[in-house]
Q: 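First the structure, then my questions, so here it is.
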Amino acid sequence: MEDPKRLILAFVLVMAILFLYQIFFSPNQSPPPRPPSEKKEEPAKETKEEFSPPGEVFTLENSKIAIKLSNYGGSVRSVYLKEYDCQLLRDFPHFSLTVLEESTAFRLDTLIWNGESQPAKITFWIKEGEFLFSRSYWLEDDYQLCSEISLPPAARKFSFAINFDRGLSFTEQDTNEDYNHFRVLFYKGKMLKEVPFRKLKGEWKEKGDWDWFGFATKYFLMVVKGEFDSLRFVPAPRRVKSTFFSTPEEKMAFSLSFYPLKYKLLAKRGEGLAKAIPLGWPKFLSLAILHLLLFLHSLFRNYGLVIIIFSFLMKGILFPLTRFQLREMRKLQQLQPKLEELKRKYKDDPKTLNQETLRLYSIHRMNPLSGCLPLLAQIPIFWALYSVLRSTFELRRAGFIFWLKDLSQKDPFYLLPILMGISFLFQNLLTSQDKKNIFVTIFFPVFLTVIFLKFPSGLQLYWLTFNLLSLVESFIFQRGGKKWKR
């Protein structure tokens, strides 16, 4: 007869993994439908921009960031984070200005403005008819670009639109990961609203009274702050077209901030920015795990080694629960002959069979479900750990040994998930009393291996180490004598 505890273990783990898989890795995550006239293209792949804007280029930079500005539309042309070697906004006129007057629109976004570079500040101006417009840019700090648009008195009755058509660029080798993490964020008070790009179905509008709103990929965040009347978002292939409307009295000002999704940095800056990091559930456990990983890295300076040490710590913390679980499972296995005997004796009397089975459990002081309780206690820990290892910025481009050059990417040779599956198979062969149970013994390790193939190698390394420790633990339980089994 199959071991019910092993089946319950397998079922719960399968459901947990499938749940996470459907949320984060479902192959049906497709972009919003395109009009028939548009050419079909892969949604998650970045391509080179076909349009290179004309005009003169000006640069604002510091030790952290380099921002190119263009007098074509007086716009932001590109944003480059030096420390992380990534282009967050690619070569294109971003945040250009359009003036709206009922049925009339001044297309200032396609005109060549005059430009002047001053110390730590760049100013553009243009005269359109009787109206003189000017806008200035400067760096407020390491990550924040500020912009101010001065308006002539006669133009203050107009509406103004800031246009952002390209969206935050994908920076990672696995663009599907960036695509799956691409979100539009809105923050006010202590509430964060997230709109995943893959769920966008059409144009939608928001009020402009948010403390800030922004765009996030897997590892980077752009925050927009300003006094806007309304915001409009339209999904397009690989991006979100955004327009921010305002009717200012004298000046129109807004700021753009570009951050890595590093918890300590964002928490220090406040304003709810740290909430943009997807820490999963339960959040307090995710934060505890994250802080522990960062602390271990301050000691050992290698995230591969940190993950291995963390696996040992987790196994030690969970050891009492695992020991209790294995002990209860062993008791149940020892009762199997008596349970089989009861089934044969009362095969035609289910009510008596149930009563006698419960009496047998009572005599031996055991609950058939007690072996599952430690497993249920572990599931929130595994969920929190999954969220942290999958999205922790510090693992980005963090190498370990030999072929593992980036723990945020999958194992290029699939060695870690294959070894993990083999270790799980050996553990099942060692602990399962019913070798005929193909699902638990063979299929489930194969299933897990397939699921883990494209997971980040940091997560694969953790599960492999944890499985090897579990294999040793199971061997000790089987061979370690009565003292260990008490």
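Here, residue 1 is the first one in the sequence, and each next residue gets the next number.
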Q: Answer yes if the ring centres of F382 and W463 are under 6.0 angstrom apart, and no otherwise.
A: yes
Q: What is the minimum heavy-atom distance between F58 and S117, and which atoms define it?
A: CD2-CB, 4.1 Å
Q: Determine, step by step, whether Y219 and D178 satisfy the side chain to side chain donor-acceptor pair (under 3.5 Å) criterion, reporting the C-alpha distance in whole Å, the side-chain angles of both residues, the deciding distance to 0.1 Å, and the verdict.
A: CA-CA 8 Å; Y219 290 123; D178 259 351; over 6 Å; no
Q: Within the distance-only criterion (no hydrogens, no angle test), does the side chain of N114 pair as donor or acceptor with the backbone N or O of F124 below 3.5 angstrom?
A: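 Side chain of N114 to backbone of F124: no pair is present.
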Q: Do you know the tightest heavy-atom contact between L404 and S457?
A: CD2-CB, 3.9 Å
Q: Would you call the rings of F170 and Y179 parallel, tilted or perpendicular if under 30° counts as parallel and over 60° as perpendicular?
A: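 It falls in the perpendicular class, over 60°.
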Q: Any sub-3.5 Å donor-acceptor pair from S246's side-chain atoms to E227's backbone N or O?
A: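 Confirmed, S246 side chain pairs with E227 backbone.
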Q: What's the shortest heavy-atom distance between F400 and L305, and which atoms?
A: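 Taking every non-hydrogen atom into account, CE1-N, 3.5 Å.
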Q: Do K188 and D209 come close enough that some side-chain heavy atom pair is under 4.5 Å?
A: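 Yes. Closest side-chain heavy atoms under 4.5 Å.
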Q: May I ask you to decide if the ring planes of F393 and F220 are parallel, tilted or perpendicular, using 30° and 60° as cut-offs?
A: perpendicular
Q: For the residue pair F284 and L287, establish whether any side-chain heavy-atom pair is separated by less than 4.5 Å.
A: no
Q: Could you go step by step and tell me if S136 and T123 meet the side chain to side chain donor-acceptor pair (under 3.5 Å) rule?
A: CA-CA 4 Å; S136 300; T123 302; 3.2 Å; yes
Q: Roughly how far, to the nearest 0.5 Å, is the CE atom of M222 from the CG atom of L185?
A: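 That separation rounds to 10.5 Å.
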Q: Where the side chain of Y187 meets the backbone of G189, is there a donor-acceptor pair that is under 3.5 Å apart?
A: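 At least one qualifying donor-acceptor pair exists.
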Q: Counting only pairs under 3.5 Å, give me each side-chain donor-acceptor contact of residues 143-150, with atom names and distances, residues two or more places apart or in other chains.
A:
{"unit_1": "Q144", "atom_1": "NE2", "unit_2": "S257", "atom_2": "OG", "d": "3.3"}

Q: Grab the two heavy atoms, one from R183 and one from T217, that are nearest each other, plus how far apart they are.
A: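 Shortest heavy-atom separation between R183 and T217 comes out as NH2-O, 3.6 Å.
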Q: Inspect the contact between K199 and E194 and indicate whether a charged nitrogen and a carboxylate oxygen are less than 4.0 angstrom apart.
A: no
Q: After noting the C-alpha distance and the side-chain angles of I67 and L69, does the key distance pass the side chain to side chain contact (heavy atoms under 4.5 Å, CB included) rule?
A: CA-CA 6 Å; I67 299 177; L69 308 166; 3.9 Å; yes
Q: Is there a donor-acceptor pair under 3.5 Å between the side chain of E206 and the backbone N or O of S230?
A: no
Q: Using a cut-off of 6.0 Å, state whether more than 12 heavy atoms not belonging to Q87 lie near its atom CD.
A: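 Above 12, so yes.
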Q: So, taking the atom named OG in S311 and the one named OH in Y462, what distance separates them when rounded to the nearest 0.5 Å?
A: 5.5 Å
Q: side-chain hydrogen bond (donor to acceptor under 3.5 Å, both in side chains) with E172: which of H181, K218, R396?
A: R396
Q: Considering only NZ, NE, NH1 and NH2 on the basic side and carboxylate oxygens on the acidic side, decide whether E203 and K241 come within less than 4.0 Å.
A: no
Q: Do the side chains of V184 and F213 get nearer than 4.5 Å, heavy atoms only?
A: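 F213 vs V184: side chains apart.
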Q: Answer yes or no: does atom NZ of K283 have more than 12 heavy-atom neighbours from other residues, nucleotides or ligands under 6.0 Å?
A: yes
Q: Go through the steps to decide whether E271 and W212 satisfy the test side chain to side chain contact (heavy atoms under 4.5 Å, CB included), and finish with yes or no.
A: CA-CA 9 Å; E271 298 184 290; W212 58 262; 4.3 Å; yes
Q: Within the distance-only criterion (no hydrogens, no angle test), does the side chain of N71 pair as donor or acceptor with the backbone N or O of V57 below 3.5 angstrom?
A: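 No; judged by distance alone, with no hydrogens or angles, the pair does not exist.
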Q: For the residue pair L221 and F258, establish whether any side-chain heavy-atom pair is separated by less than 4.5 Å.
A: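 Counting from C-beta outward, L221 and F258 never come under 4.5 Å.
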Q: Indicate the atoms forming the closest heavy-atom contact of P417 with L453, along with that distance.
A: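 For P417 versus L453, the nearest heavy atoms are CG-CD2, 3.8 Å.
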Q: Quick test of your reading of the model: are K82 and E61 salt-bridged, counting only N-O distances below 4.0 Å?
A: yes
Q: When you compare the side chains of S63 and D142, does any donor N or O come within less than 3.5 Å of an acceptor on the partner?
A: no
Q: Is there side-chain contact between Y263 and H291, with at least one heavy-atom pair below 4.5 Å?
A: yes
Q: Is there a donor-acceptor pair closer than 3.5 Å between any side-chain N or O of D109 and the backbone N or O of S96?
A: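 Here the side-chain-to-backbone pair does not exist.
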Q: Are L256 and V223 side-chain neighbours, meaning at least one heavy-atom pair lies under 4.5 Å?
A: no
Q: Determine the interplanar angle of the F164 and F215 rings, folded into 0 to 90°, and report it as parallel if under 30°, tilted if 30 to 60°, perpendicular if over 60°.
A: perpendicular
Q: CG/L313 to CG/L292 distance, rounded to the nearest 0.5 angstrom?
A: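 L313 atom CG to L292 atom CG measures 6.0 Å (nearest 0.5 Å).
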Q: Nearest 0.5 Å, what's the CG-OH distance between L296 and Y303?
A: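 Taking CG in L296 and OH in Y303, the distance rounds to 9.5 Å.
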Q: Hey, mind stepping through T243 and F245 against side chain to side chain contact (heavy atoms under 4.5 Å, CB included) and telling me if it holds?
A: CA-CA 6 Å; T243 309; F245 298 96; 3.4 Å; yes
Q: Any ion pair linking D211 and K225 (charged N to carboxylate O, less than 4.0 Å)?
A: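 No, this pair does not count.
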Q: Do other residues, nucleotides or ligands put more than 12 heavy atoms under 6.0 Å from K275 NZ?
A: yes
Q: Testing the 3.5 Å rule here: is there a donor-acceptor pair between the side chains of D229 and T247?
A: yes
Q: Is NZ or CZ of R166 both nearer than 6.0 Å to the six-membered ring centre of F92 and within 45° of the ring axis?
A: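 Because its charged atom sits under 6.0 Å from the ring centre and within 45° of the axis, R166 does stack over F92.
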Q: Should the pair K193 and F186 be classed as cation-pi, given the thresholds of under 6.0 Å to the six-membered ring centre and 45° from the axis?
A: yes
Q: Taking the inter-plane angle between the rings of F233 and W204 on a 0 to 90° scale, is it parallel (under 30°), tilted (30 to 60°) or perpendicular (over 60°)?
A: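 Ring orientation, 0 to 90° scale: parallel.
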Q: Let me see the working for N302 and V306 under side chain to side chain contact (heavy atoms under 4.5 Å, CB included), right down to the final yes or no.
A: CA-CA 6 Å; N302 183 290; V306 164; 5.9 Å; no
Q: Kindly indicate whether the side chain of F95, heavy atoms from C-beta on, has any atom under 4.5 Å from the side chain of D165.
A: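 A side-chain contact under 4.5 Å is absent here.
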Q: When you check the gap from the basic side-chain N to the acidic O, do R77 and D91 get nearer than 4.0 Å?
A: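 D91 and R77: salt-bridged.
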Q: Is a side-chain N or O of S286 found less than 3.5 angstrom from the main chain of L279, in a donor-acceptor match?
A: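 Indeed, once roles are kept as given, a pair shorter than 3.5 Å links the two residues.
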Q: Are W125 and F133 close enough, and set up right, to give a ring pair (Phe, Tyr, Trp, His ring centres under 6.0 Å), and what steps lead you there?
A: CA-CA 6 Å; W125 71 91; F133 300 92; over 10 Å; no
Q: Has K315 got its NZ or CZ under 6.0 Å from the middle of the six-membered ring of F466, at an angle within 45 degrees of the ring axis?
A: yes
Q: Under 4.5 Å between any side-chain heavy atoms of L97 and R135, yes or no?
A: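 L97 reaches R135 side chain to side chain.
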Q: Quick check: does any side chain N or O of T392 sit under 3.5 Å from a backbone N or O of E394, one acting as donor and the other as acceptor?
A: no
Q: Using 0.5 Å steps for rounding, measure from the OG1 atom of T465 to the CZ atom of F312.
A: 7.5 Å
Q: With sequence neighbours excluded, give me every side-chain hydrogen bond (donor to acceptor under 3.5 Å, both in side chains) pair touching residues 401-422.
A: W403-D411, D406-S408, K410-Y414
Q: Backbone N or O of F455 within a donor-acceptor pair of the R390 side chain at under 3.5 Å?
A: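 Side chain of R390 to backbone of F455: no pair is present.
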Q: Is Y259 reaching over with its side chain to a backbone N or O of L273, donor-acceptor style, under 3.5 angstrom?
A: no
Q: Within this structure, what is the CE-CG distance for the pair M420 and L425, rounded to the nearest 0.5 Å?
A: 11.5 Å
